[in-house]
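In what follows, a structure is listed as structure tokens, so that the remarks can point back to it.
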There are 2 protein chains.
Amino acid sequence: MPPTLEEVAKLAGVSRSTVSRVVNQHPHVRPEVRERVWEVIRQTGYQPHAAARSLATRYTRVIGLIIPQAVTTLFTDPYFPVLMRGVADACNAHNYHLMLSLFSHRRVRDSYAGQDLLYRQLLRGRYLDGVVVSSAPLDDPIFPRLLEDNVPFVIVGRYPHERANYVDVDNVVGARMAVEHLLRLGHERIATITGPLNMFAAQDRLEGYRQALAARGIPLDERLIAEGDFAEQGGRTAMQRLLPHQPTAVFAASDMMAVGALKALREAGLRVPEDVAVVGFDDVPLASMVDPPLTTVRQPIEQLGSMAVELLISLLENPNTGGVHRVVLPTELVIRASCGVRVQ
Amino acid sequence: MPPTLEEVAKLAGVSRSTVSRVVNQHPHVRPEVRERVWEVIRQTGYQPHAAARSLATRYTRVIGLIIPQAVTTLFTDPYFPVLMRGVADACNAHNYHLMLSLFSHRRVRDSYAGQDLLYRQLLRGRYLDGVVVSSAPLDDPIFPRLLEDNVPFVIVGRYPHERANYVDVDNVVGARMAVEHLLRLGHERIATITGPLNMFAAQDRLEGYRQALAARGIPLDERLIAEGDFAEQGGRTAMQRLLPHQPTAVFAASDMMAVGALKALREAGLRVPEDVAVVGFDDVPLASMVDPPLTTVRQPIEQLGSMAVELLISLLENPNTGGVHRVVLPTELVIRASCGVRVQ
DNA sequence: CGGATTTTTGGGAGCGCTCCCAGTTAATTG
DNA sequence: CAATTAACTGGGAGCGCTCCCAAAAATCCG
């Protein structure tokens, strides 16, 4: 049974309140007393009881990371581990703890309803001070829940609501750069494999693709647009659907889908980049390991995670700082072999 | 301000205690009253305050997942996401929440000392009911801490202590199968790239390698053993160190290291499997995507995660069930192209 | 050096919940 | 139908902490 404040107080010959002051670094404690109390704390290994503390203060020093995405994508995609690292790092640095909620929809309980139940528990039950949400589809029930319960939150990505704080990457510009690069290489029949279009990132990357073509005066050919799911398998089947329309280049909205596309192309007996050029998005480690190495759009994933946390914490600690906070980070085109170098 | 028990009680015209009984499914509440209370709960969206509850019950319904590994490996290795999925799934299924602690050692605070401080906070501060630990080196400070503070825990892996519960994979047998396969293919100069030897899994896989050779009467050649770090880069440099001793086959203790080895071999102008056969361990998704696809030892990673959680929960809920709980799951050899098929 | 400050200190109240113990009310039984 | 017994219900105490307020001690100043 670990010691309580009261016990420490008795041992140090002071009152509960004084020990509390010492622990919480309040001023107005004689240095001599303060030292005596610290000594007892050290010896007893005293540690404040989190529940008691948060019952009294209404703060938990815990933030949640919610990743509601249906699973397939999630865990073959190296995106998430990296994001998590950014998030975890920032939490450690600020002495917050991290609660992770993943939903895989594979068990009955993980249904839409079960998920909503868990959200309620987590948010209304005051397990958390605030939340970082990543990769949620636009219609995910987490958003209304957060808004309704007035829980401070930051999205990694974007959400169309006046009270939504977010940290995002400039997906439109990133995608445009990628497609412009293909245009520069002389391609005109450029296809795209999009992410699931109920996600903003997917929509934005498609928009970038559109803009690049429009700027070049190339009319949009709907047959050159195939929707994928950000995962490899989806990229592969999307590519198969695109093949009959003979694109000479493909912009995939994620590296995993680009890898899938690579596979589909190889199966169809086409060479990359000679017959078809491929560009991805994300620059996950795998991108440089496949054959041929992928040209891709790098996004600062880890930084996204830590910035989200830092923004959230600043929201928590200065609640009055008015206004909505939005950060958009730039992307960078990384050129490798998969798009070839065609002379115009 | 969300409603409290007391408020719900007033609205339903009963006492605090009765509402508590309803919420906690205690018997001895008239069905009619029970229904009335539920109705109020539904209308108000009442949700018990977690901190208040755990202050009173001394339970939090939160379990921790602690991954103390120095980072490089961690997040390029698809092992962790999969493990996490297993862990998260099991938590969801049993209505527990998951607290994640990762340490990357990249900031000052993430030093050994900072880490220990966080452990104390987490464990002594009663944030958690119990803990799952994965990929901790044998000398990690988490173990003494857990033992000393008497926190229920389950290791994914293994730890030499009488009170250590764990869920592990049969690394020795898995490694032996891999090496035996190479032996069967006629190899005699078989090298191995081990994991960091302060981890049990690495030691066990090395032991399996030893056993396979010994059973065949092949003397151990220390020059054919190189220590890696489970990550790609480490596998690559380890392979470079092995090359001068001209192995005809290599058993890498992780797929990521096998991929690194592949790279080193290619750089050295050697063909796989014609010149050197390669076998990995883990069967991560990447294993089947590289060229040539890796022969490897599959371990049920996700199952490992969910079993660890389930074991932990059963420990928490039936504390008197004596004895230590240990589960060892089997592995499976997956044969692909990287080891070739040599006729003896 | 005595009153006015200012700094320290202690203790009560309360955060929202569970659990135990009586007190009520309803059901059973001979 | 009175006497038991069982099924419900309410309220106090307490989980360990913070915060406020007032009392006590130390410091100041003319």
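Chain letters run A, B, ... following the sequence lines, proteins first, then strands; residues in each count from 1. All values derive from a computational prediction rather than experimental measurement.
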Protein-nucleotide distance ([X], atom [atom1]; [N], atom [atom2]), rounded to Å:
| X | N | atom1 | atom2 | value |
| --- | --- | --- | --- | --- |
| B:Glu7 | C:dG16 | CD | P | 8 Å |
| A:His26 | C:dG10 | NE2 | P | 15 Å |
| B:Arg61 | C:dT18 | CZ | P | 13 Å |
| A:Arg34 | C:dT7 | CZ | P | 14 Å |
| B:Ile41 | C:dG16 | CD1 | C1' | 14 Å |
| A:Tyr127 | C:dG16 | OH | C1' | 14 Å |
| A:Arg124 | C:dG16 | CZ | P | 15 Å |

Inset, instruction - Check whether the ring centres of B:Tyr159 and B:Tyr166 lie less than 6.0 Å apart, and answer yes or no. - result: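 No, they do not, as the ring centres are separated by 6.0 Å or more.
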Inset, instruction - Would you please indicate if the ring centroids of B:Tyr127 and A:His97 are separated by under 6.0 Å? - result: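 Yes, the ring of B:Tyr127 comes within the 6.0 Å limit of the ring of A:His97, centre to centre.
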If you compare every side-chain N and O of [X] against the phosphate oxygens of [N] (OP1, OP2), does one of them come in below 4.0 Å?
| X | N | value |
| --- | --- | --- |
| B:Arg53 | C:dT18 | yes |
| A:Thr57 | D:dT18 | no |
| A:Thr4 | D:dG16 | no |
| B:Arg58 | D:dG16 | yes |
| B:Tyr46 | C:dC17 | yes |

Legend entry - Shortest side-chain distance from A:Ala56, nucleotide among C:dG10, D:dG10, D:dG16: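 Among C:dG10, D:dG10, D:dG16, the one nearest the side chain of A:Ala56 is D:dG16.
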Inset, instruction - Between D:dG10, C:dT9, D:dT9, spot the one nearest the side chain of A:Arg30, thanks. - result: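 The answer is C:dT9.
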Inset, instruction - Identify, between B:Leu55 and B:Gly13, the residue whose nearest nucleotide on DNA chain D lies closer to the 5' end. - result: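 Closest to the 5' end, via its nearest nucleotide, is B:Gly13.
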Legend entry - Nearest-nucleotide comparison on DNA chain D, the residue closer to the 5′ end among A:Gln47 and B:Val33: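 On the 5' side of the pair lies B:Val33.
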Legend entry - Residues A:Arg42 and A:Glu39 bridged, charged N to O under 4.0 Å: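 Looking at A:Glu39 together with A:Arg42, the answer is yes, because their closest N to O distance falls below 4.0 Å.
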Legend entry - Which atom of A:Ala308 lies closest to which atom of A:Val132, heavy atoms considered: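 Shortest heavy-atom separation between A:Ala308 and A:Val132 comes out as CB-CG1, 4.0 Å.
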Inset, instruction - Using a heavy-atom cut-off of under 4.0 Å over every strand shown, decide if A:Arg21 touches base, sugar-phosphate, or nothing. - result: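 The residue A:Arg21 makes base contact.
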Inset, instruction - Under 4.0 Å between any heavy atoms, over every strand shown, what does A:His28 touch: base, sugar-phosphate, or nothing? Just pick one. - result: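 Touches a base.
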Inset, instruction - Measure up the B:Tyr119 and B:Phe103 rings against each other and bin them: parallel (under 30°), tilted (30 to 60°), perpendicular (over 60°). - result: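 Geometry flag for B:Phe103 against B:Tyr119: perpendicular rings.
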Inset, instruction - On DNA chain C, check which nucleotide each of A:Pro27 and A:Arg16 is closest to and give me the residue with the more 5' one. - result: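 Looking at the nearest nucleotide for each, A:Pro27 comes out on the 5' side.
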Legend entry - Residue closer to the 5' end of DNA chain C, B:Ser17 versus B:Ala52 (nearest nucleotide):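 Nearer the 5' end of the strand: B:Ala52.
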